[in-house]
Amino acid sequence: MQHAPLDEWDHVQAMQERKALHTLLAKRQEDLPPRRMKDSYLEVILPLGSQPEIREKYLNVHNSVRFGRILEDLDSLGVLICYTHTKQEAQPRSPLSIVTALVDKINLCKKIIYPDCDIKFTGNVSWVGKTSMEVKMHMLQLHDGDYSPVLDATFVMVARDPENKRPAFVNPLIPESPEEEEIFKQGEFNKTKRIDFSTASLLKMAPTAEERNIVHDIFLNTLDTRTVSFRSRVLPPNSVWMEDAKLKSLQICHPQERNIFNRIFGGFLMRKAFELGWATACSCGGSRPFIVSVDDIMFQRPVEVGSLLLLSAQVCYTEKNYIQVRVHSEVYDADTREHQTTNIFHFTFISEKEVPRVVPKTYGESMLYLDGKRHFTATVKEI
Ligand SMILES: CCCCCC(=O)SCCNC(=O)CCNC(=O)[C@H](O)C(C)(C)COP(=O)(O)OP(=O)(O)OC[C@H]1O[C@@H](n2cnc3c(N)ncnc32)[C@H](O)[C@@H]1OP(=O)(O)O
C-alpha cells in the first residue's frame with residue numbers, strides 16, 4: 001500500500017474542505033456590502049525593540065534589518081488587509097483565496113532600518129475593481145518615542161474562488177471624503193498607467209527615436225578605432241559589460257514555503273529575488289548597496305511546491321551611484337523540460353561609491369538597458 005506523505009495529505013484534505021465554501025461566493029459584486037477605507041485599516045507592531053528574541057531573524061551582517069524579511073511581512077499584511085475588507089461577519093471562514101498579483105511600488109525614504117527599534121506597519125484597501133484590490137501600506141520605525149516613516153508600498157491583490165481556479169468578486173469600496181476620493185482616483189490612474197507601461201514594453205514595441213540614439217551612441221563608443229570592425233568591441237573606461245554584471249541562483253521550493261493554497265508564498269519569492277539582486281548590485285558596484293525602490297513586480301504564474309526556481313539577476317542600468325537591477329524568475333519542470341517565467345522584479349539601489357557604467361553588447365542587452373533606464377527614470381521622478 002502506498003502512503004501519501006502526511007503534509008501532502010493535510011493539504012489535500014484542506015482543499016477538499018475549501019471546496020464546500022463555493023456556495024458562499026457572491027454571484028455579482030452588487031450583492032456584496034460596500035466597505036469604507038477605514039473598515040480594512042490595520043496597524044501591526046513588529047516588536048524588534050521590545051522583544052530582542054525575534055531580532056535574529058531580521059538581522060543582516062551590517063547590523064540593520066534584512067529588507068527581504070520586510071518584503072515577506074508586507075506581503076502577508078497585504079493579504080490580511082484584503083481579508084479584512086472582504087470579511088462577512090456571518091461567515092465562519094472566507095470563501096476567497098487572495099493572491100498577490102503585483103507589487104506596484106515600494107519607495108524607501110530611509111537608508112537604514114534599525115534592528116533594535118519597534119516597527120509599525122499600517123495599511124488599508126485604497127482602490128477596488130471587480131475582483132482586484134489595491135492596498136496601500138506604510139512602515140514606520142520608533143525613535144525617541146516617535147514613529148517616523150521608512151517606506152510606502154502599493155500592492156495589488158486578486159480574489160479567487162476557494163480552489164484558486166477562477167476570479168471572485170470583492171466588496172465595493174466607497175470613498176468618504178475628498179482625500180479618499182483622491183486616493184481612489186489615484187488607484188484608477190495606477191491601473192491605466194500599468195496597462196500603458198506594459199503596452200509600450202520593449203518586448204512588444206520598438207524603442208523610441210531618442211532611445212535608438214542612446215543605443216547607437218553606446219555602440220559607437222565601443223568600436224575599436226584601430227580595426228574599424230563591427231566585431232571587435234572595446235570596453236570604455238570605468239565600464240563593465242552587461243554580460244559580466246549578472247548572477248544566477250537556484251531554489252528548490254520546499255513545502256515549508258507554501259501558502260494555504262499549496263503554492264509558494266509571494267513574500268518568499270520576493271525575498272529570494274531581492275537578495276540575489278542585492279548581491280549582484282554589490283558585486284557590480286564594489287561597495288554596499290542600499291535599496292531605494294522596488295517596482296512593478298508581476299506575479300504572472302503561481303509557483304508550485306517542488307518546483308526548481310531559477311533566478312537570474314542582471315544589472316541593466318547605472319547612473320552615478322545608482323544601480324538598476326532586473327531579476328527574472330522561472331520554474332523548470334524536470335519532467336517536461338519546460339521553462340516558464342513566473343515573475344520579473346525591478347530593484348533600484350544606491351551604492352556608497354560611484355559605480356561603473358554597464359555597457360550592452362547585443363541587441364537584447366540593449367533592450368534590457370533601455371527598460372532599466374525607463375524604470376530608473378520613473379523611480380527618480382518619485383523619490
Ligand atoms: C494567505 C496566503 C496567501 C499569501 C499571498 C501569496 O503568497 S500569493 C502567491 C504569489 N502570487 C501568485 O502565485 C499569483 C500568481 N498569478 C496568478 O495566479 C494570476 O496571474 C492572477 C490570479 C494574479 C491573475 O490571473 P489572470 O490575469 O488570469 O486573471 P484575470 O484576467 O481573471 O484578472 C483578475 C483580476 O486581476 C487583475 N489583474 C491581473 N493581473 C494584474 C496585474 N498584473 N496588475 C494588476 N491587476 C491585475 C485584473 O485586472 C482583474 O481585476 P478586476 O476584476 O478588478 O478587473
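Each residue takes its place number in the sequence, starting with 1. Because only heavy atoms are used, hydrogens play no part in the values below, and waters and symmetry mates are left out as well, while side chains stay in.
Annotation: side chain to side chain donor-acceptor pair (under 3.5 Å) contacts of Glu134 (sequence neighbours excluded): Ser126, Asn190. Scanning for side chain to side chain donor-acceptor pair (under 3.5 Å) contacts around Asp161 gives an empty result, with sequence neighbours left out. Considering only residues two or more places apart in sequence or on other chains, His339 meets the ring pair (Phe, Tyr, Trp, His ring centres under 6.0 Å) condition with Tyr332. For the side chain to side chain donor-acceptor pair (under 3.5 Å) test, residues two or more places apart in sequence or in another chain that qualify with Thr154 are Lys136.
To the nearest 0.5 Å, the span separating CG on Leu102 from OG1 on Thr100 amounts to 10.0 Å.
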For residues 237-253, please give each side-chain donor-acceptor pair under 3.5 Å, one per line with the distance, not counting sequence neighbours.
unit_1: Ser239; atom_1: OG; unit_2: Pro236; atom_2: O; d: 3.2
unit_1: Ser239; atom_1: OG; unit_2: Pro237; atom_2: O; d: 3.0
unit_1: Glu243; atom_1: OE2; unit_2: Lys361; atom_2: NZ; d: 3.1

I'd like a table of donor-acceptor pairs (distance under 3.5 Å, sequence neighbours excluded) in which one partner is a side-chain atom from residues 273-280, with atom names and distances.
unit_1: Glu275; atom_1: OE2; unit_2: Arg66; atom_2: NH2; d: 3.1
unit_1: Trp278; atom_1: NE1; unit_2: Pro289; atom_2: O; d: 2.9
unit_1: Thr280; atom_1: OG1; unit_2: Leu276; atom_2: O; d: 2.7

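The one candidate from His328, Glu330, Arg301 that meets the side chain to side chain donor-acceptor pair (under 3.5 Å) condition with Thr341 is His328.
Between Glu211 and Lys373 there is no salt bridge, since no side-chain N of the basic residue sits under 4.0 Å from a carboxylate O of the acidic one. Checked for salt-bridge contact, Arg194 and Asp104 meet the test: a charged N lies under 4.0 Å from a carboxylate O. Salt bridge annotation for Arg374-Asp371: absent, with no cationic side-chain nitrogen under 4.0 angstrom from a carboxylate oxygen.
Taking the six-membered ring for Trp and the full ring otherwise, Phe376 and Tyr322 have centroids separated by under 6.0 Å.
Pro360 places a side-chain heavy atom less than 4.5 Å from the side chain of Tyr369. A heavy-atom distance below 4.5 Å is not found between the side chains of Glu72 and Met270.
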Is there a ring pair (Phe, Tyr, Trp, His ring centres under 6.0 Å) between Tyr114 and His143 once you walk through the steps? CA-CA 10 Å; Tyr114 296 94; His143 298 287; 5.3 Å; yes

